[in-house]
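Read the structure below first, then the notes.
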2 protein chains.
Amino acid sequence: MAIEHAILVSLSEKSATGYDLARRFDASIGHFWRATHQQIYKVLARMDEQGWVKSEATKRGGRLDKKTYSITDPGAKELLRWTQSPSSPEVMRSDFAVKLRGFVDSDSIREDATTRLESYREMLAFYEESERKFYPDPAKIKDSARGAYLALRGGILLAQGNIAWCEEVLAELNSERR
Amino acid sequence: MAIEHAILVSLSEKSATGYDLARRFDASIGHFWRATHQQIYKVLARMDEQGWVKSEATKRGGRLDKKTYSITDPGAKELLRWTQSPSSPEVMRSDFAVKLRGFVDSDSIREDATTRLESYREMLAFYEESERKFYPDPAKIKDSARGAYLALRGGILLAQGNIAWCEEVLAELNSERR
DNA sequence: AGCCGATATGCAATTGTTTGCATAAATTTC
DNA sequence: GAAATTTATGCAAACAATTGCATATCGGCT
């Protein structure tokens, strides 16, 4: 029930085609909500029917029309309504935690923890780079950018939590080996 | 593709009925993987067909049989296979981050952050209580409990990350108010 | 005796998401 | 000039998960 709202947020920043959105959901906003292009196209069509977005078509000869979507008033109203309703707590679903809990094969867990550690470190590096680049001085952040900044901070803090977790797992597994 | 494995992990700890599992998925292992009883019953039936679990029925007169499930050899083999295959990185999906990113109504965000902060603090308190109770001395943890301990540590570290995030959001929103 | 909560199982419908496939022009790279 | 990548859209099938409903007994409380 929230890919719609992620799309509304994204469109409220800037109008876009489904393709553009798919790229955004693979980068910026995609750090907080993943979605494939297939899903985006389908949801966009539904949202269009509902009147939350409108599309402007560009003819392209032999190919299907290119459609640029923008948010409508009802769409903005829905976004406000959603913002104002309390968000349900995230459903925790961690393959890694289940794997740990099972503790069937410590070598595999070590490998997995190593891979995860690496990818969370990359993620953290990326987020921190963004932070330095876009918000060098937290006191001077424009009001319009406060939300994006705080979302980014979340990415950083959660990545750090995950890194700490992986490091602990690896430390524990290595101490166990002796 | 992982509720099966969470069930296998849980059954490998101790045989159980669907009902028992549903309660576990609402507490211990449920901290890392949520599932409803309906889903559990359905998946158990499928796993039974696949031969990953077997069930022993107890007749109960007018009512449907009570079935106690336990893990089979093929089930244990599948659990090992799953453990040894690299876990796909968790798909991040955070309503809260999307809401922040949109930043439509800061009062609602403040409320939301306050609620989340509270629930993560409760979670953390619960985890830390478990840690004190079951693992007072990390150096003396039995091998068989290492996995559960490390999963618990994950819960603690991620809860702390989320708490830090909520606190930052609230601090930022309050400084903005002036 | 009546009510409530716990025990115990499950079907059905719907919604949400992933995966596989398909098409086709424009642009960049070798 | 050929090949690969990017731009751009979408359908269909399968799988995963949620929500609503239904049933029935047992034990404890009032």
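Bear in mind the structure is a predicted one, so any value in this text is a computation, not a measurement. We name chains A, B, ... by the order of the sequence lines, and we start the count at 1 in each one.
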Interatomic distance where CD1 belongs to A:Ile40 and P belongs to D:dT7 [whole Å]: 15 Å

side-chain N/O B:Thr36 vs D:dA17 OP1/OP2, d < 4.0 Å: no

Any B:Tyr41 side-chain N or O less than 4.0 Å from OP1/OP2 of C:dT9: yes

Sidechain N-carboxylate O distance under 4.0 Å for B:Glu78, B:Arg81: yes

Touch class at under 4.0 angstrom, heavy-atom based, for B:Arg60 against every strand present: sugar-phosphate

Contact under 4.0 Å: A:Tyr19 side-chain N or O vs D:dT7 OP1/OP2: yes

If the threshold is 4.0 Å, N to carboxylate O, is there a salt bridge linking B:Asp65 and B:Arg60? no

Touch check for A:Arg23, heavy atoms < 4.0 angstrom, all strands: base, sugar-phosphate only, or nothing? sugar-phosphate

If you pin A:Leu64 and A:Val91 to their nearest nucleotides in DNA chain D, which one's is more 5'? A:Leu64

Nearest to the B:Gln38 side chain among C:dT17, D:dG10, D:dC21, which nucleotide is it? D:dC21

Whole angstroms only, please: what is the NZ-P distance between A:Lys67 and D:dA8? 14 Å

What I want to check is whether an N or O donor and acceptor connect the side chain of A:Gln39 with the base of C:dG16 at under 3.5 Å. no

Is the distance from the ring center of A:Phe96 to that of A:Trp165 below 6.0 Å? yes

For B:Asp20, give me all partners under side chain to side chain donor-acceptor pair (under 3.5 Å), at least two apart in sequence or on another chain. B:Thr17, B:Arg23

It should be established whether B:Arg34 places a side-chain nitrogen or oxygen under 4.0 Å from OP1 or OP2 of nucleotide D:dA16. no

